[in-house]
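Basis for what follows: all heavy atoms, side chains included, without hydrogens, waters or symmetry-related copies. Since the structure is predicted, the reported quantities are computational estimates derived from the model, not experimental observations.
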Amino acid sequence: MQRLADEARLAGRRIGLVPTMGYLHEGHLSLIDEAKKRADVIVMSIYVNPTQFAAGEDLATYPRDLARDEKLAQGRGVDYIFAPSDKMMYPEKQLAFVEVERVSRLLEGEFRPTHFKGVTSVVAKLFNIMKPHVAVFGQKDAQQAFIIGKMVRDLNFDVEIVVAPIAREKDGLAMSSRNVYLSEKDRREATVLYRSLNLAGSLVGKGEIELVRVRSEMLKLITAESEGKIDYISFVDPENFERIEEVGSLPRVLALLAVRFGKTRLIDNMYLNAHGS
Ligand code: AMP
């Protein structure tokens with residue numbers, strides 16, 4: 001893969017990378033479309049990276065189907081699939097890691113304290129292996145996309161980061177490989193996440209500036225319409241990912257939530273445009 005990347009670069013071709021953990025859905029495939037707009041050679045990595053899972057998380061049961069993924073990715077225009085083994089990615093005990101401080105400890109990081117260190121380190125490795133000019137990530141994992149952007153800026157990685165919008169099912173549920181874990185009842189109830197974010201959007205759009213009130217309306221809706229257990233409902237300034245409690249003078253805020261349905265933990269987010277902006 002490294003040699004292919006070198007050859008493509010030498011031939012003056014732009015390399016676009018789409019990193020994934022596989023079990024592809026339309027959300028992943030939409031990232032390929034974005035990459036194709038910006039690059040000539042599209043590489044998709046499919047790798048369930050063990051270092052971003054903590055003990056007790058779903059590493060062993062994470063859904064996988066490489067043959068199906070290859071068909072879908074190639075059908076959408078991917079030129080190369082990089083699906084390494086753990087031995088290829090971690091041939092010896094790894095001692096060097098990349099960590100983005102502070103933001104990695106908030107929100108998802110409070111519930112998964114070692115997660116983002118695993119993500120940034122494996123993405124740094126993928127960048128060094130594939131040498132992409134551009135890499136596409138999904139807004140679905142808003143905090144991850146922010147953290148990778150910060151890593152790239154702070155450490156002068158020579159790669160453009162593009163963030164693609166969230167692909168949703170017809171009923172609004174954000175697409176996720178983990179949705180297959182949901183029972184029928186949980187799948188039905190999980191649509192409340194999107195509705196709660198829309199509710200937040202309409203409250204802030206109408207001029208609500210106190211985000212505690214927005215949170216409590218979202219919480220009421222989620223608990224009334226589902227048995228989901230809320231890990232967090234938070235609001236951040238999208239520019240720096242600092243938590244905020246008031247809209248203040250920001251043109252928009254980012255609402256993020258994580259809710260557990262049975263053993264399945266779902267995350268979602270939405271930009272809320274402030275009144276008059
Ligand atoms: P994953 O395989 O879940 O690690 O996701 C790989 C990439 O696809 C990440 O950049 C995700 O943010 C992105 N992604 C996952 N689900 C969606 C979605 N519903 N819409 C857009 N991008 C997504």
Side-chain angles (χ1 to χ4, degrees), residues 1 17-25 27-29 31 43-70 72-73 81-100 103-130 135-138 140-148 151 173-183 186-187 190 193 228-232 256-269:
M1 191 51 70
L17 172 64
V18 179
T20 78
M21 298 203 297
Y23 212 70
L24 302 181
H25 51 66
H28 297 114
L29 301 177
L31 306 187
V43 185
M44 173 176 270
S45 60
I46 298 181
Y47 182 55
V48 183
N49 171 42
T51 69
Q52 68 194 65
F53 288 79
E57 290 186 350
D58 57 347
L59 173 63
T61 55
Y62 196 84
R64 298 162 210 238
D65 188 343
L66 187 56
R68 174 177 163 275
D69 287 349
E70 280 173 344
L72 286 171
I81 290 175
F82 179 58
S85 63
D86 289 341
K87 259 235 131 49
M88 277 167 80
M89 286 303 276
Y90 301 104
E92 54 185 289
K93 181 162 175 52
Q94 183 152 321
L95 299 179
F97 294 91
V98 182
E99 196 160 11
V100 173
V103 201
S104 295
R105 296 289 167 165
L106 299 173
L107 301 163
E108 283 302 286
E110 280 174 39
F111 293 86
R112 309 181 72 190
T114 56
H115 173 65
F116 286 119
K117 179 179 170 188
V119 170
T120 40
S121 299
V122 80
V123 169
K125 284 165 77 79
L126 293 173
F127 285 174
N128 284 331
I129 295 167
M130 247 82 75
V136 186
F137 294 86
K140 165 74 176 19
D141 299 275
Q143 189 177 4
Q144 167 178 284
F146 178 87
I147 286 172
I148 287 163
M151 170 184 91
L173 179 67
M175 290 184 180
S176 164
S177 307
R178 289 189 169 102
N179 290 350
V180 297
Y181 296 147
L182 294 168
S183 70
D186 289 340
R187 170 66 187 80
L193 304 187
K229 304 270 178 299
I230 297 168
D231 276 353
Y232 62 80
L256 306 106
L257 49 75
V259 179
R260 283 172 287 119
F261 290 86
K263 283 200 187 121
T264 309
R265 194 166 171 282
L266 300 181
I267 58 171
D268 201 347
N269 68 84

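- Under the ring pair (Phe, Tyr, Trp, His ring centres under 6.0 Å) criterion, Phe97 pairs with no residue, sequence neighbours left out.
- Side-chain atoms of Glu108 never come within 3.5 Å of backbone atoms of Gln143 as a donor-acceptor pair (strictly under, hydrogens ignored).
- Atoms CG and OG1, on Asn179 and Thr264 in that order, are 8.5 Å from each other to the nearest 0.5 Å.
- Residue pairs meeting the salt bridge (Lys or Arg N to Asp or Glu O under 4.0 Å) criterion with at least one partner in residues 48-59, sequence neighbours excluded, are Glu57-Arg112, Asp58-Arg178.
- In terms of heavy-atom proximity, Ser45 sits nearest to Leu126 at OG-CD1, 3.7 Å.
- Across all non-hydrogen atoms, the minimal contact from Asn49 to Gly118 is ND2-O, 3.2 Å.
- The closest side-chain heavy-atom distance from Val100 to Phe116 is not below 4.5 Å.
- Proximity of Tyr23 to Val180: side-chain heavy atoms (C-beta onward) are separated by under 4.5 Å at one or more points.
- Closest approach of Arg265 and Ala258 over heavy atoms only: NH2-CB, 3.6 Å.
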Apply side-chain contact (heavy atoms from CB on, under 4.5 Å) to residues Val119 and Ile147 and explain how you reach the verdict.
CA-CA 9 Å; Val119 170; Ile147 286 172; over 6 Å; no
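- When all heavy atoms of Glu110 and Pro113 are compared, the closest pair comes out as O-CD, 4.4 Å.
- Every pair passing side chain to side chain donor-acceptor pair (under 3.5 Å) that includes a residue from residues 113-125 is listed here, sequence neighbours excluded: Gln94-Lys125.
- Contact detail for Ala145 and Gly138: the closest heavy-atom pair is CB-O, 4.2 Å.
- For the pair Pro63 and Tyr181, the minimum side-chain heavy-atom distance is below 4.5 Å.
- Of the residues listed (Asp141, Leu256, Leu257, Leu107), the one engaging Ile267 in a side chain to side chain contact (heavy atoms under 4.5 Å, CB included) is Asp141, and it is the only one.
- Atoms CZ and CG, on Arg68 and Asp65 in that order, are 6.0 Å from each other to the nearest 0.5 Å.
- Between Leu266 and Leu182, the closest side-chain pair of non-hydrogen atoms falls below 4.5 Å.
- In this structure, Tyr90 has no ring pair (Phe, Tyr, Trp, His ring centres under 6.0 Å) partners at least two apart in sequence or on a different chain.
- A donor-acceptor pair under 3.5 Å is formed between the side chain of Asn269 and the backbone N or O of Lys140.
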Could you go through the side-chain contact (heavy atoms from CB on, under 4.5 Å) check for Met89 and Tyr47 one step at a time?
CA-CA 9 Å; Met89 286 303 276; Tyr47 182 55; 3.6 Å; yes
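- Atom OG1 of residue Thr20 and atom CZ of residue Phe82 lie 12.0 Å apart, to the nearest 0.5 angstrom.
- Looking at Met21 and Ser177, their side chains never come closer than 4.5 Å, going by heavy atoms from C-beta outward.
- Every side chain to side chain contact (heavy atoms under 4.5 Å, CB included) that Asp69 has, sequence neighbours left out, goes to Leu24, Ile46.
- Within the 4.5 Å cutoff, side-chain heavy atoms of Phe127 are placed close to those of Met151.
- Atom CZ of Phe111 is separated from atom CZ of Arg260 by 7.5 Å, given to the nearest 0.5 angstrom.
- Remark: Met44 CE to Leu72 CG distance equals 9.0 Å, nearest 0.5 Å.
- Here the side chains of Val259 and Leu193 are in contact, with some heavy-atom distance below 4.5 Å.
- Partners of Phe146 under the ring pair (Phe, Tyr, Trp, His ring centres under 6.0 Å) rule, at least two apart in sequence or in another chain, are Phe241.
- Note that the OG atom of Ser104 and the CD atom of Gln144 stand 10.5 Å from one another [nearest 0.5 Å].
- Counting heavy atoms from C-beta outward, Val43 and Met1 have side chains that approach closer than 4.5 Å.
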